[in-house]
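One structure is given below, encoded as structure tokens.
One-based numbering along the sequence shown. Hydrogens, waters and symmetry mates are skipped; everything else that's a heavy atom, side chains included, is used. The structure displayed is predicted, hence computed values, not measured ones.
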Amino acid sequence: MKSHSKSSLPLTVVTGATGTLGRHVVDGLLSSGRPVRAVSRRPRQSGLPSAVEVVAGDLHEPSTLGAAFETARALVLIAVPDSAVEVVARARAAGIEHIVVVSSAAVTAGHDTTYNLPVERAVQASGLDWSIVRPGEFATNALLIWGPSIRSARRVVEPFPDQAGNPIHEQDIADVVVADLLDPDRRGRVDTIIGPDTLTKREQVARIAAAVGDDIALDEVTPEQAIRFYREQGGFAADNADWLYGLTSYDGVEGVTDKPREANPESDGAYLTLAEVLGRRGRSYAQWARDHAFDFGKPAD
């Protein structure tokens with residue numbers, strides 16, 4: 001196992017490091033010269049750069065995190081609400097000084113009270129320095145939900161094609177997380193971040209089609225038909241179909257549909273673009289689609 005004990009720069013522990021977002025956070029820290037320790041349940045399968053120290057650990061079992069937190073000064077924490085209080089207590093006891101929470105814009109909207117919000121509260125009550133990043137809709141959700149049918153049949157099944165949103169590129173989310181880690185002046189911030197483009201689902205599919213270089217049919221269906229389709233598809237779409245298409249709330253309450261809410265401009269929850277958070281424009285949805293064109297089945301040149 002690599003040791004960072006001789007480094008003059010603070011060591012950052014990244015949970016969720018093998019996920020799509022986490023890998024970008026790791027790369028951003030490495031590019032800034034910061035030592036990184038990644039936590040994984042399967043370290044040998046992490047596929048992370050050789051410069052990263054990868055240790056075994058599981059947020060669901062806080063007792064496994066001793067080696068991960070040793071000598072570290074900062075922590076990137078993803079949401080595991082049931083163990084958050086104990087994880088944060090162990091981080092503080094190990095000497096970690098600053099925690100960046102990767103949360104959700106659903107907290108800002110008032111829809112998330114049981115998943116990300118308890119993690120935020122545990123960190124804010126810890127006495128440690130903290131920063132909170134609440135991303136809006138991940139652009140990668142389109143890959144998880146629509147990807148299988150686009151790859152297999154150049155088709156999207158969607159009950160709300162004219163519903164608009166501001167999907168955000170995962171690299172932009174990672175850039176905010178890294179900025180919070182590197183700049184002490186950003187501590188104590190709660191940033192709800194969204195992508196720069198307001199697009200309907202129909203327009204999002206058009207951007208993906210342009211990136212793939214092929215037509216993609218958009219089949220408008222009822223919410224019930226969409227739920228059946230995505231349950232059969234499996235994976236992320238099946239796990240989230242009931243919430244996505246109105247059978248449950250974000251918190252999993254049956255028969256309750258989340259209603260869009262206006263952000264309170266006087267709160268810390270105003271929806272912000274990267275131009276407002278980092279001083280530069282966020283990556284467009286068209287750029288995101290091009291970055292993932294082969295994931296959607298674009299033929300190799």
Side-chain angles (χ1 to χ4, degrees), residues 12 14-32 34 36 38 48-49 74-79 98-109 112 116 120 130-147 164-183 185-201 203-208 210-211 236 263 268-296:
T12 299
V14 180
T15 63
T18 59
T20 301
L21 173 61
R23 290 180 184 276
H24 287 297
V25 172
V26 168
D27 289 344
L29 288 168
L30 291 178
S31 296
S32 300
R34 294 297 182 97
V36 181
L48 290 167
L75 169 64
V76 178
L77 184 61
I78 60 173
H98 179 212
I99 299 180
V100 178
V101 180
V102 180
S103 183
S104 169
V107 176
T108 304
D112 179 344
N116 288 285
E120 290 189 14
W130 53 265
S131 310
I132 295 172
V133 181
R134 295 176 179 170
E137 179 187 357
F138 279 54
T140 48
N141 287 358
L143 186 58
L144 298 171
I145 298 168
W146 298 338
N166 295 79
I168 185 168
H169 198 303
E170 63 275 10
Q171 180 67 69
D172 284 342
I173 303 170
D175 288 350
V176 176
V177 172
V178 172
D180 285 352
L181 289 164
L182 299 182
D183 185 354
D185 290 337
R186 296 180 64 84
R187 299 186 183 188
R189 293 178 64 113
V190 179
D191 288 320
T192 303
I193 54 175
I194 58 175
D197 304 322
T198 301
L199 300 169
T200 65
K201 302 293 186 185
E203 290 168 332
Q204 293 172 37
V205 172
R207 301 296 194 279
I208 296 168
F236 176 91
D268 59 14
Y271 298 91
L272 304 173
T273 65
L274 252 70
E276 296 165 293
V277 176
L278 295 184
R280 67 158 178 82
R281 180 176 170 80
R283 295 167 176 85
S284 69
Y285 193 84
Q287 177 64 60
W288 177 84
R290 290 192 294 271
D291 290 344
H292 291 278
F294 292 106
D295 298 325
F296 282 110

Does any part of the side chain of V176, heavy atoms only, come nearer than 4.5 Å to the side chain of R186, both counted from C-beta? yes
Side-chain heavy-atom pair Y271, T108 within 4.5 angstrom cut-off: yes
Closer than 3.5 angstrom, by distance alone: can the side chain of [X] be matched with the main-chain N or O of [Y] as a donor-acceptor pair?
{"X": "T140", "Y": "L143", "value": "no"}
{"X": "T273", "Y": "P196", "value": "no"}
{"X": "R134", "Y": "D191", "value": "no"}
{"X": "T15", "Y": "V76", "value": "yes"}

Kindly give the heavy-atom pair with the smallest separation between [X] and [Y], and that separation in Å.
{"X": "R23", "Y": "T18", "result": "NE-O, 3.0 Å"}
{"X": "A289", "Y": "I208", "result": "CB-CA, 4.0 Å"}
{"X": "I168", "Y": "G195", "result": "CB-N, 3.6 Å"}
{"X": "S103", "Y": "P135", "result": "O-CD, 3.2 Å"}
{"X": "A105", "Y": "G136", "result": "CB-CA, 3.6 Å"}
{"X": "G188", "Y": "S131", "result": "N-OG, 4.2 Å"}

Residue pair V178, V25: steps toward the side-chain contact (heavy atoms from CB on, under 4.5 Å) verdict: CA-CA 6 Å; V178 172; V25 172; 4.3 Å; yes
Measuring from atom [atom1] of [X] to atom [atom2] of [Y], what distance do you get when rounded to the nearest 0.5 angstrom?
{"X": "E137", "Y": "L199", "atom1": "CD", "atom2": "CG", "result": "10.0 Å"}
{"X": "Q204", "Y": "N141", "atom1": "CD", "atom2": "CG", "result": "10.0 Å"}
{"X": "L181", "Y": "R187", "atom1": "CG", "atom2": "CZ", "result": "8.5 Å"}
{"X": "I99", "Y": "D180", "atom1": "CD1", "atom2": "CG", "result": "13.0 Å"}
{"X": "T198", "Y": "N166", "atom1": "OG1", "atom2": "CG", "result": "3.5 Å"}
{"X": "S32", "Y": "L182", "atom1": "OG", "atom2": "CG", "result": "4.5 Å"}

Among R283, R281, R207, which residue satisfies the salt bridge (Lys or Arg N to Asp or Glu O under 4.0 Å) criterion with D197? R281
Quickly, which of I173, D172, I194 forms a side-chain contact (heavy atoms from CB on, under 4.5 Å) with L274? Name it, please. D172
Taking 4.0 angstrom as the limit, do R280 and D175 come out as a salt bridge? yes
Could you tell me whether D183 and R189 make a salt bridge, using a distance below 4.0 angstrom between a side-chain N and a carboxylate O? no
Apply the test side-chain contact (heavy atoms from CB on, under 4.5 Å) to residues T20 and F138: give CA-CA distance (whole Å), side-chain angles for both, the deciding distance (0.1 Å), then the verdict. CA-CA 11 Å; T20 301; F138 279 54; over 6 Å; no
Name the residue from H169, Q287, E170 that meets the side chain to side chain donor-acceptor pair (under 3.5 Å) definition with H292. E170
